[in-house]
There are 2 protein chains.
Amino acid sequence: MIESEFKRRLRERGLRITPQRIFIHRAFNELGRHATAEEVHARVEPWLPNASLPTVYATLELFEEMGIAHRVAAGSATALWDPRPEAHHHLICRSCGAVEDLDVSIDSFAALRAARRRGFRAESSELIVSGLCQRCQTARHGRHASEPR
Amino acid sequence: MIESEFKRRLRERGLRITPQRIFIHRAFNELGRHATAEEVHARVEPWLPNASLPTVYATLELFEEMGIAHRVAAGSATALWDPRPEAHHHLICRSCGAVEDLDVSIDSFAALRAARRRGFRAESSELIVSGLCQRCQTARHGRHASEPR
DNA sequence: CTGGATGCAAACTCTTTGCATGCAT
DNA sequence: ATGCATGCAAAGAGTTTGCATCCAG
C-alpha cells in the first residue's frame with residue numbers, strides 16, 4: 001500500500017499520523033516478506049534512532065487490524081508479519097524454523113464454508129507445509145547446529 | 001497409538017522406557033486434541049506427582065520426532081500438540097486465540113509438489129483459517145476481555 | 001555398572017504492560 | 001489545549017538449558 005493511501009486510512013479511523021507509523025510502514029513495505037518485529041525495528045532505526053520495539057509491535061498490530069499485515073502462523077517460532085496482500089502459503093522447516101513462501105493456489109472453499117457453518121467468521125486461510133528444508137535434510141540427523149530454531 | 005506399540009517403537013530406537021514417557025504418552029492420548037504442554041503436565045500429575053514440565057516438553061518433542069504428535073502452527077499463541085494422525089485443519093480466532101479442529105479435506109497436492117520441486121521434504125500440511133470465532137464476533141470490537149489471547 | 005533420562009532451578013527470548021512525557025490535531 | 005501515541009523500563013508467559021542425581025538396560 002502506498003504511503004498516501006496509508007495516511008488516508010489512518011485519518012479515516014481518526015488515528016494520528018506520526019513519524020513512527022509512517023516509517024514503520026515504509027520499512028515494512030521495503031522488507032517485503034514475513035519480517036520479524038526485530039527486523040522491522042532494525043530497518044527503522046536509521047530514520048528514527050529512538051523508535052522503540054514496543055511501538056513496532058503496536059504498529060504491526062495496527063497494520064493487522066487495518067488488513068495491511070498478516071501475522072503468519074509459524075508454529076513456535078518467532079512471530080512473523082507478512083505484508084503481501086495476495087493469498088499465498090508457507091513452508092516451515094521443523095528443524096531450523098526457516099519460513100519460505102509458496103506461491104500456489106489452494107482451493108480452500110470447502111474449509112471456508114465449513115468454518116462459516118460453525119459460526120466462525122473466516123478472514124484468511126493459509127496452508128502451512130511442514131517438513132525439512134534442503135539444508136536440514138543433508139545435515140546429520142536433520143538438525144544443523146548454529147542455526148536458529 | 002496403543003501403549004505396546006509405543007514401547008516397541010521406543011525399543012526400536014534404543015530409547016529407554018521410563019514411567020514418565022509411558023504416562024505422558026497415556027495422558028496425551030486421553031486428552032485427544034491440541035493440548036498444551038501445561039495441560040499434559042496437569043494430566044500426568046496424579047500418576048507422577050514429581051513429573052516436571054521440561055520433561056513433558058522433551059517428551060512431546062520426542063513424540064513429534066516419532067510422528068506421534070504434531071505441533072500445531074498456532075500463530076503467536078501457546079504451542080499446541082495434536083495427537084490425531086489423520087489430516088485435519090484448524091480454525092484460529094485472531095481475537096481470543098481459540099483453536100478448533102476443522103474436519104474437511106483439502107487438496108494440497110499442488111502445494112506438496114511445489115514444495116518438493118524446491119527441495120523441501122514435506123511431511124505434513126495443515127490449513128490455518130484465521131478470523132473471529134462466534135463469541136468474539138458478538139463481543140464489542142471483536143475482543144472480549146478476561147480471555148486468553 | 002553406565003550413560004541416557006529426569007527434576008530442579010535458572011536463564012532466555014519474545015511480547016506485552018504501566019506510566020510519565022511529548023506531540024499531532 | 002487535549003489526549004492519543006511514544007519511549008523506557010519492567011513484568012510476564014512460555015520454553016529451553018545446565019547440571020547433579022537417578023534408574024533402565
Side-chain angles (χ1 to χ4, degrees), chain A residues 7-8 10-25 34-42 44-45 47-66 69 71-81 94-97 143 145 147-149, chain B residues 7-8 10-25 34-42 44-45 47-66 69 71-72 74-81 94-97 143 145-149:
Chain A
K7 290 184 184 173
R8 189 180 60 67
L10 284 177
R11 256 182 237 110
E12 257 174 21
R13 296 191 160 220
L15 297 175
R16 293 186 179 168
I17 297 171
T18 63
Q20 287 83 350
R21 285 178 173 164
I22 295 300
F23 284 119
I24 289 170
H25 178 255
H34 45 68
T36 64
E38 204 70 69
E39 287 164 349
V40 174
H41 183 242
V44 168
E45 190 107 67
W47 302 323
L48 288 173
N50 288 330
S52 70
L53 199 47
T55 297
V56 172
Y57 275 102
T59 306
L60 288 171
E61 268 177 39
L62 171 64
F63 288 178
E64 184 157 41
E65 280 174 36
M66 294 172 75
R71 201 179 196 134
V72 177
S76 67
T78 303
L80 296 176
W81 279 267
R94 70 163 161 79
S95 174
C96 70
R143 173 165 302 183
E147 277 301 317
R149 261 191 57 93
Chain B
K7 289 183 185 173
R8 190 180 59 68
L10 284 177
R11 255 183 239 109
E12 257 175 20
R13 296 191 160 220
L15 297 175
R16 293 185 180 170
I17 297 171
T18 64
Q20 287 83 351
R21 284 177 175 164
I22 294 301
F23 284 120
I24 289 169
H25 179 254
H34 45 66
T36 64
E38 203 71 68
E39 286 164 349
V40 174
H41 182 242
V44 169
E45 190 106 67
W47 302 323
L48 288 173
N50 288 329
S52 70
L53 200 47
T55 298
V56 172
Y57 276 102
T59 307
L60 288 171
E61 267 177 39
L62 171 64
F63 289 178
E64 183 156 42
E65 279 175 36
M66 295 172 76
R71 202 181 196 135
V72 177
S76 66
T78 303
L80 296 177
W81 278 267
R94 70 162 161 81
S95 174
C96 70
R143 173 165 300 184
S146 78
E147 278 303 317
R149 263 192 57 95

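To find a chain, count down the sequence lines: A is the first, B the second, and so on, and within it residues start at 1. Bear in mind the structure is a predicted one, so any value in this text is a computation, not a measurement.
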(request) Name the closest nucleotide to the L15(A) side chain, picking from dA9(C), dT16(C), dA5(D). (result) dA5(D)
(request) Verify the contact: side-chain N or O of T55(A) to OP1 or OP2 of dG7(D), cut-off strictly under 4.0 Å; return yes or no. (result) yes
(request) State which of dA5(C), dT15(C), dA24(C) makes the closest approach to the side chain of Y57(A). (result) dT15(C)
(request) Flag the pair V44(B) / Q20(B) as yes when at least one side-chain heavy-atom distance between them is below 4.5 Å, and no otherwise. (result) no
(message) Output the rounded distance in Å from CG (L10(A)) to C1' (dC4(D)).
(response) 13 Å
(message) Are V40(A) and W81(A) packed together at the side-chain level, in the sense that at least one heavy-atom pair is separated by less than 4.5 angstrom?
(response) no
(request) Side chain of I17(B) only, please: which of dT15(C), dG25(D), dT6(D) is the nearest? (result) dG25(D)
(message) Would you say that K7(B) contacts I22(B) through its side chain, given a criterion of any heavy-atom pair below 4.5 Å between the two side chains?
(response) yes
(message) Rounded to whole Å, please give me the gap between CG in L48(A) and C1' in dA5(D).
(response) 13 Å
(request) Can you tell me the distance, in whole Å, between the CD1 atom of I22(A) and the C1' atom of dA5(D)? (result) 13 Å
(message) Looking at Q20(B), I'd like to know whether one of its side-chain N or O atoms comes within less than 4.0 Å of OP1 or OP2 on dG7(C).
(response) yes
(request) Pick base, sugar-phosphate or nothing for A51(B), based on heavy-atom distances below 4.0 Å to the nucleic acid. (result) sugar-phosphate
(message) Under the side-chain contact (heavy atoms from CB on, under 4.5 Å) test against H41(B), which residue among L60(B), T55(B), L53(B) passes?
(response) L53(B)
(request) For L80(B) and dG14(D), give me the distance from atom CG to atom P, rounded to whole Å. (result) 11 Å
(message) For a quick test of reading the model: is some side-chain N or O of T36(A) closer than 4.0 Å to OP1 or OP2 of dC14(C)?
(response) no
(message) How many whole angstroms separate atom CG of N50(B) from atom C1' of dC8(C)?
(response) 11 Å
(message) Just to be sure I understand the rule, does P19(A) reach a base, reach only the sugar-phosphate, or reach nothing, if contact means heavy atoms closer than 4.0 Å?
(response) sugar-phosphate
(request) Check the distance between dA24(D)'s C1' and R16(B)'s CZ and give it to me in whole angstrom. (result) 5 Å
(request) Tell me which nucleotide among dG7(C), dT15(C), dT2(C) gets nearest to the side chain of T78(A). (result) dT15(C)
(message) How many whole angstroms separate atom NE2 of H41(B) from atom P of dT16(D)?
(response) 15 Å
(message) How many whole angstroms separate atom CD of E39(A) from atom P of dT15(C)?
(response) 11 Å
(request) With the side chain counted from C-beta on, respond yes when L62(B) and R21(B) share a heavy-atom pair under 4.5 Å apart, and no when they do not. (result) yes
